[in-house]
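Note sheet for the following structure.
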Amino acid sequence: MTMDELDHAILEVLQTDARLPNRAIASKVGSSEPTVRRRIERLVEDGLIKIVAVASPYALGYQVVAIIGMQIDRAYQRQIEQALCNLPNVHFVGLTLGSYDVVLEAWLRSTDELLDLLADHIAPLPGVQRVEPWQVLKLSKYNYDWGNQPSITNSHH
């Protein structure tokens with residue numbers, strides 16, 4: 001599951017406009033429509049890319065965007081990771097190095113929902129040692145144009 005130069009070129013075009021027809025993408029990357037179609041299908045099937053619409057959480061009615069740093073007992077890492085991934089309001093979970101072992105992003109309708117998330121869903125998890133939430137006051141930049149490094153979903157690394 002690796003990406004070559006053509007895959008990267010296709011990805012760049014998709015990140016600009018994922019609704020372009022394959023024929024237009026092929027023209028931009030110097031390839032044929034059938035090749036581009038097969039490449040996109042393979043990238044999606046292999047889980048290397050996911051084609052989605054990205055909306056601001058505020059536009060969707062969420063009033064609170066929270067970034068939460070967690071220190072955990074690594075012996076419980078898999079349990080905590082799975083529990084956090086299963087929470088519907090949590091949109092990003094990353095295992096990290098540094099001051100925090102886990103960082104997550106949650107979208108919530110109110111500060112009461114944030115308190116419930118912290119008290120009812122995160123604090124009771126076995127192995128959670130410290131939780132530090134930050135509330136985002138303004139999204140100054142919010143996009144998923146990450147060049148040649150697409151978001152990998154459902155990765156078990």
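Annotation for Gly127 and Ile80: closest pair C-CD1, 3.9 Å, computed over non-hydrogen atoms. Taking every heavy atom of both residues into account, Met3 and His8 meet most closely at O-NE2, 3.5 Å. For the residue pair Thr2 and Leu48, the shortest heavy atom distance occurs at O-CD1, 4.1 Å. Contact between Ser56 and Leu139 at its shortest, heavy atoms only, is OG-CD1, 4.1 Å. Nearest heavy atoms, Val64 versus Ser110: CG2-C, 3.6 Å. In plain terms, the two heavy atoms of Ala83 and Leu125 that are nearest each other are CB-CD2, 3.7 Å.
Atoms CG and CD, on Leu84 and Gln79 in that order, are 11.5 Å from each other to the nearest 0.5 Å. In this structure, Cys85 SG and His91 NE2 are separated by 12.5 Å, a value rounded to the nearest 0.5 Å. Going from atom OG1 of Thr96 over to atom CD of Gln71 covers 9.5 Å, rounded to the nearest 0.5 Å. Here the CG-CG distance, from Leu104 to Leu117, works out to 7.0 Å after rounding to the nearest 0.5 Å. Met70 CE to Ser99 OG: the interatomic distance, rounded to the nearest 0.5 Å, is 15.0 Å. In this structure, Ile51 CD1 and Leu11 CG are separated by 9.5 Å, a value rounded to the nearest 0.5 Å.
When side chains are defined from C-beta on, Ile10 does not count as touching Ser31, because their heavy atoms never get closer than 4.5 Å. Within the 4.5 Å cutoff, the side chain of Asp120 has no heavy atoms near those of the Leu115 side chain. Taking 4.5 Å as the limit, every side-chain heavy atom of Leu95 sits out of range of all side-chain heavy atoms of Val103.
Among residues at least two apart or in separate chains, ring-ring contact (aromatic ring centres under 6.0 Å, His included) pairs with a member in residues 33-62 are Tyr62-Trp107.
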From CA spacing to verdict: side-chain contact (heavy atoms from CB on, under 4.5 Å), Glu105, Val90
CA-CA 6 Å; Glu105 177 181 338; Val90 172; over 6 Å; no
For Glu113 and Asn89, what are the C-alpha separation, side-chain angles and deciding distance, and is it a side-chain contact (heavy atoms from CB on, under 4.5 Å)?
CA-CA 10 Å; Glu113 278 191 14; Asn89 285 342; 3.5 Å; yes
Could you go through the side-chain contact (heavy atoms from CB on, under 4.5 Å) check for Leu6 and Arg39 one step at a time?
CA-CA 9 Å; Leu6 179 57; Arg39 291 293 187 107; 3.6 Å; yes
Before giving the answer on salt bridge (charged side-chain N to carboxylate O under 4.0 Å, His left out), spell out for Glu41 and Arg37 the whole-Å C-alpha distance, their side-chain angles and the decisive distance to 0.1 Å.
CA-CA 6 Å; Glu41 288 170 1; Arg37 182 175 11 90; 5.0 Å; no
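Within a 6.0 Å radius of CD in Gln129, more than 12 heavy atoms belonging to other residues, nucleotides or ligands are found.
Between Arg130 and Asp101 there is no salt bridge, since no side-chain nitrogen of the basic residue lies less than 4.0 Å from a carboxylate oxygen of the acidic one.
Under the 3.5 Å distance criterion, the side-chain polar atoms of Asp7 are matched with a main-chain donor or acceptor of Asp4. Of the possible polar contacts, one joining the Arg109 side chain to the Gly61 backbone as a donor-acceptor pair under 3.5 Å is found. When atom types are taken as modelled, the side chain of Thr16 and the backbone of Glu12 share a donor-acceptor pair closer than 3.5 angstrom. Not a single donor-acceptor pair under 3.5 Å links the side chain of Thr111 to the backbone N or O of Leu114.
With hydrophobic clusters built from ILVMFWY side chains whose heavy atoms lie under 4.5 angstrom apart, Ile67 does not share a cluster with Leu137.
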